[in-house]
Participant: 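Please find one structure pasted underneath; my questions will follow.
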Amino acid sequence: MLRAANGMEFDTNWLRKFPPDFRWGTATAAYQIEGAVNEDGRGRSIWDAFSHTPNKTWHGDTGDLACDHYHRYREDVDLMRQLGVGHYRFSVAWPRIYPTGGGTLNIDGVAFYDRLLDTLLAAGIRPVVTLYHWDLPQALEERGGWRNRDTVYYFRDYAGRMFEQFGDRIDTWITHNEPWCTAVLGHLLGQHAPGIQDPAQAGVVAHHLLLSHGLSVQAYRSQRAGGQIGITLNLSAVYPASDRPEDLAARDRMDTILNRSFLDPIFLGNYPSGLNEMLGSAGEAVRGDDMAQIGSPLDFLGVNYYTYQVVAHDADQTELAGVKDVTPRDEVTDMGWPVGPAGLTDVLRRIHDQYTRIPLMVTENGAAYPDQLVDDRVRDSARISYLKRHIGALGDALDSGVDLRGYYVWSLLDNFEWSFGYSKRFGLVYVDYDAGQRRLPKDSAWWYRDFIQAFRRAWT
Ligand code: IFM
């Protein structure tokens, strides 16, 4: 038994379930932390436009300054070094590289990621890079955004350029983060940029996102870059409220919307039946060998997991495919998301059993809580408990034979939580927005440090 600095005990045999090269990391995304939206030639993104539109975000918050990571990246890398985090997942802001989506490369934007990468590598931290975490150049949006098939080719070209530019220092690439959110939150519910509410367009967008993913994977292979490429999906465990056939059917409908809409095309080569009726048709968007491109073999799948759902049939829920969410709410995070670590094990097992045997990585998991800074300390025991139980769930997945290679806590820092602005704090590190962006590791950050140390010792 190992005792970590904070008194917590870690069992060596249990820790050894995780392979010695298991990646323990943290994650962020460009628009949520960088700020500096008008610096060094960065173009405008759909999130600049959306967050500056009245009533779209909490208190009108924007990512203009965010965590000012653009200027403080050295301090942030040093924080990770202090925490002993060996892996860091971040995203490149497409409009920093190509301010209008394509054309001339913005050298100053590239230079920022050069500096960040060099600083990370010098600190012994290995980068994992997401190419699209929702900040489409606004110039492309004005030409139809993801509804326009041209955007697919702009993305492929941007991706190819990034492989060329940074392939010497990045060996793990993620094409898209949570394309479900771009399609559904951005184009069906209108809660995310670009704020469209059109079911038919949501289907087209989903297809174009997937196609842009597939073509980028092909570009990666043709560049013969070493390293690995995958995509990150947000997946949820969905359970029926009872064994009644109508509840089981409701479960299937919700599962189709939340999970199968992206898993099936990537791993099974088709969209699940029933999706068109529920969400609108991507039908005419599918051309030629699109599905084969979308199914381009991947090196790994990234899974973002936060919560689970229990659902029942309810004919009155016409807008929600006749599905009512009846998930117990005895334990919820500050997002109102029910806490269900067993769902993480179930999601990982299900992918392994039904979809693919490629390695899996949990590329995001974490929780928002209403953290309080008291006497220069944030005692976020609820977050520690959340992390412990979800890491425990990883152990259960490994016991079932799932090939799991990494876990990235969302997030390194408190940051701009999209339409919730700065009202939600997901960070291991507290950001004091009112005190010049001061960073202060929360108790959970030190817990994670101790956990990682214990893991390393278990293998030495
Ligand atoms: O903050 C987001 C992140 O950008 C994508 N995954 C979910 C997180 C929490 O909502």
Side-chain angles (χ1 to χ4, degrees), residues 25-35 45-48 50-51 56-58 61-63 66-67 69 76 88-94 128-136 174-186 189 191-194 209 213 230-237 258-259 262 301-309 332-340 343-344 347 361-371 380 382-383 386-387 390 406-431 433 444:
T26 60
T28 64
Y31 189 72
Q32 294 181 271
I33 64 165
E34 284 181 2
S45 83
I46 54 173
W47 268 95
D48 296 303
F50 188 74
S51 64
K56 296 296 185 195
T57 64
W58 186 82
D61 284 352
T62 72
C67 306
H69 172 78
D76 294 337
Y88 176 49
R89 172 178 177 236
F90 65 94
S91 77
V92 170
W94 183 354
V128 173
V129 168
T130 309
L131 289 165
Y132 187 74
H133 201 125
W134 308 349
D135 41 3
L136 184 74
I174 293 169
T175 54
H176 283 277
N177 178 70
E178 303 180 356
W180 184 94
C181 293
T182 302
V184 176
L185 301 182
L189 302 176
Q191 296 164 359
H192 276 194
L209 290 163
H213 152 77
I231 187 170
T232 279
L233 304 179
N234 50 311
L235 300 173
S236 181
L258 292 180
N259 300 315
F262 285 85
L301 174 68
V303 174
N304 290 356
Y305 177 86
Y306 289 91
T307 189
Y308 73 108
Q309 278 195 22
V332 296
T333 67
D334 200 28
M335 296 295 284
W337 297 344
V339 177
L344 174 54
V347 164
M361 283 201 273
V362 174
T363 40
E364 283 181 30
N365 173 244
Y369 286 106
D371 299 316
D380 57 338
R383 183 173 290 101
Y386 181 101
L387 295 177
H390 285 78
Y407 175 81
Y408 295 77
V409 175
W410 184 270
S411 179
L412 171 65
L413 303 170
D414 291 337
N415 59 48
F416 176 77
E417 177 54 24
W418 308 111
S419 54
F420 295 90
Y422 299 97
S423 67
K424 305 295 176 199
R425 292 183 176 272
F426 273 92
L428 290 173
V429 174
Y430 189 89
V431 178
Y433 303 111
S444 58

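Remember, it's 1-based here, ligands and their atoms both numbered in the order they're listed.
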Participant: Strictly by modelled atom types, are Ser91 and His133 linked by a side-chain donor-acceptor pair under 3.5 Å?
Facilitator: no
Participant: Per the side chain to side chain contact (heavy atoms under 4.5 Å, CB included) rule, which among Tyr422, Tyr31, Phe50 passes with Thr62?
Facilitator: Tyr31
Participant: Considering residues at least two apart in sequence or located in another chain, which fulfil the side-chain hydrogen bond (donor to acceptor under 3.5 Å, both in side chains) criterion with Thr182?
Facilitator: none
Participant: Measure centre to centre between the rings of Phe262 and Trp180, then say whether the value is under 6.0 Å.
Facilitator: no
Participant: Considering residues at least two apart in sequence or located in another chain, which fulfil the side-chain hydrogen bond (donor to acceptor under 3.5 Å, both in side chains) criterion with His390?
Facilitator: none
Participant: Check ligand 1 for close polar pairs with the protein: N or O on both sides, less than 3.5 Å.
Facilitator:
unit_1	atom_1	unit_2	atom_2	d
ligand 1	1 (O)	Gln32	NE2	2.9
ligand 1	1 (O)	Trp410	NE1	3.3
ligand 1	1 (O)	Glu417	OE1	2.6
ligand 1	4 (O)	Gln32	OE1	2.7
ligand 1	4 (O)	His133	NE2	2.8
ligand 1	4 (O)	Trp418	NE1	2.8
ligand 1	6 (N)	Glu178	OE1	3.2
ligand 1	6 (N)	Glu178	OE2	2.7
ligand 1	6 (N)	Glu364	OE1	2.5
ligand 1	10 (O)	Glu417	OE2	2.5

Participant: Could you list the residues that satisfy side-chain hydrogen bond (donor to acceptor under 3.5 Å, both in side chains) with Glu178, not counting sequence neighbours?
Facilitator: Asn304
